[in-house]
Peer 1: 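For reference, the structure I am asking about is given below.
All residue numbers in this chain count up from 1 along the given sequence. Indexing begins at 1, ligand by ligand and atom by atom, following the structure's order.
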Amino acid sequence: MTDLKNQMKNQTANHVTGRATKRAGVMGWPVDHSLSPRVHGYWLKTYGIDGQYDRLPVTPEDFPARLRALGADGFVGCNVTVPHKEAALACVDEAHPLAKRIGAVNTVVVRGDGSLYGFNTDGFGFLENLSQGHKGFSASRGPAVVLGAGGAARAIVAALLDAGAPEVRVLNRTLERAAALAVDLLGIGAGLLTVENWTSRADALSGAALLVNTTTLGMQGKAALDLDLSDLPEDALVNDIVYAPLQTPLLAQARARGNPVVDGLGMLLHQARPGFEAWFGKMPEVTDDLRSYVLAGD
Ligand code: ATR
């Protein structure tokens, strides 16, 4: 049966029962490799919720119109992924203040009056992953070193400052990009936000309580991150937001010298929770079973 026929059948059934299958999805280009449908599909099934979550391939050219038409197309909201996160901020009727500061929206809700509300859950996902992966984690424990200055780094730096980090040191290959990040995030929290040269990355680890890699280095098919960890305190927590592979060369290197480590898969899983709650009415949990299910692939 075609998708359209299925939809019509569902709508007819819903009309009779007075119930509507809630629909959400992820807009991206390309979006074939997104793990979000697997994550939301798992939760819908686990919690017995009458909902649907689909991959929504949308070109950059079509994106604004498709996002604006979400409600009319029968959706309660959607996730937004590469390359649409910045465009989404410009398209929504209202955005959460932190999403504005970060410059990107990854979750959109269609409100009762049909208007679109956008927020960014990457920072939430990042912090929740560390809290779940390392008992007793607190952003306020000490200085954090963040490598990279892309979209993920923006969300992470904002979240760390917002959660009380006393200092965040940002290092990026392209210094100007790190400087722009610092200007945009100035004034969040009471902590110090500093930008340092990429070549100083080994020295910047001195006295750090947390090291986070947000660059693509260490990802499958990319070079490993070249970083001397000698100056990193042994009790500093090390996190890589790269999750393919799960054990990046950085995490292996940190683990070998005794540092506690948290891998990046949890950030992807936790960032999905607020959207699921907003659309389907249940704050879902990240469990070992969900991790195994997502890692098993299609
Ligand atoms: P995202 O939005 O997911 O964070 P991104 O915007 O593509 O992704 O950012 C990728 C990050 O990896 C950037 O900080 C990038 O550094 P530049 O701003 O200098 O491009 C970093 N990166 C990618 N390849 C790198 C390399 N070979 N050496 C150092 N940093 C690299």
Side-chain angles (χ1 to χ4, degrees), residues 26-36 60 63 79-90 98-107 118-127 129-130 144-161 168-185 193-205 210-229 238-246 248-251 253 263-272:
V26 53
M27 286 193 189
W29 186 259
V31 76
D32 314 6
H33 297 298
S34 171
L35 290 173
S36 295
F63 179 74
N79 282 125
V80 176
T81 188
V82 179
H84 303 315
K85 289 187 189 184
E86 287 81 14
L89 177 64
L98 212 52
K100 288 190 204 167
R101 295 298 290 271
I102 296 165
V105 156
N106 74 345
T107 308
F119 48 107
N120 192 306
T121 63
D122 283 339
F124 169 87
F126 167 77
L127 291 176
N129 182 35
L130 295 194
V145 174
V146 175
L147 302 177
R154 283 178 168 254
I156 287 168
V157 172
L160 284 169
L161 290 168
V168 181
R169 305 168 188 161
V170 180
L171 298 97
N172 192 50
R173 176 179 60 178
T174 311
L175 186 65
E176 295 75 24
R177 209 167 172 209
L181 173 155
V183 168
D184 290 347
L185 301 186
L193 176 53
T194 59
V195 169
E196 296 174 41
N197 267 308
W198 183 243
T199 47
S200 317
R201 59 194 183 281
D203 297 335
L205 303 178
L210 173 69
L211 166 65
V212 186
N213 174 45
T214 78
T215 75
T216 48
L217 295 169
M219 204 179 262
Q220 242 156 37
K222 306 259 176 172
L225 171 68
D226 175 18
L227 180 61
D228 179 355
L229 297 182
V238 179
N239 170 236
D240 205 323
I241 73 160
V242 169
Y243 58 84
L246 215 46
T248 61
L250 170 66
L251 294 187
Q253 191 187 345
D263 69 50
L265 181 63
M267 177 172 164
L268 173 89
L269 304 179
H270 280 284
Q271 66 78 29

Peer 1: Under the 3.5 angstrom rule, does the side chain of N197 hit a backbone N or O of T199 as a donor-acceptor pair?
Peer 2: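 No.
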Peer 1: Answer yes or no: is there a donor N or O on one side and an acceptor on the other, between the side chain of R169 and the main chain of V145, under 3.5 Å?
Peer 2: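 Checking the backbone N and O of V145 against the side chain of R169, no donor-acceptor pair under 3.5 Å is found.
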Peer 1: Write down, by chain and number, every protein residue that brings a non-hydrogen atom to less than 4.0 Å from an atom of ligand 1.
Peer 2: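 Lining ligand 1 at under 4.0 Å, by heavy atoms, one finds G148, A149, G150, G151, A152, N172, R173, T174, R177, W198, T215, T216, L217.
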Peer 1: Closer than 4.0 angstrom, basic N to acidic O: yes or no for R154 and D184?
Peer 2: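 Counted as a salt bridge, because a side-chain N and a carboxylate O are separated by less than 4.0 Å.
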Peer 1: Do N79 and S36 have side-chain atoms, one donor and one acceptor, less than 3.5 Å apart?
Peer 2: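 Their side chains do not contain a donor-acceptor pair, so the 3.5 Å distance test is not met.
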Peer 1: Does either side chain, that of N106 or that of D122, offer a donor lying less than 3.5 Å from an acceptor on the other one?
Peer 2: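 On atom types as modelled, these side chains qualify, holding a pair under 3.5 Å.
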Peer 1: So, the side chain of T214 versus the backbone of L147: is there a donor-acceptor pair under 3.5 Å, distance only?
Peer 2: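 A pair under 3.5 Å: yes.
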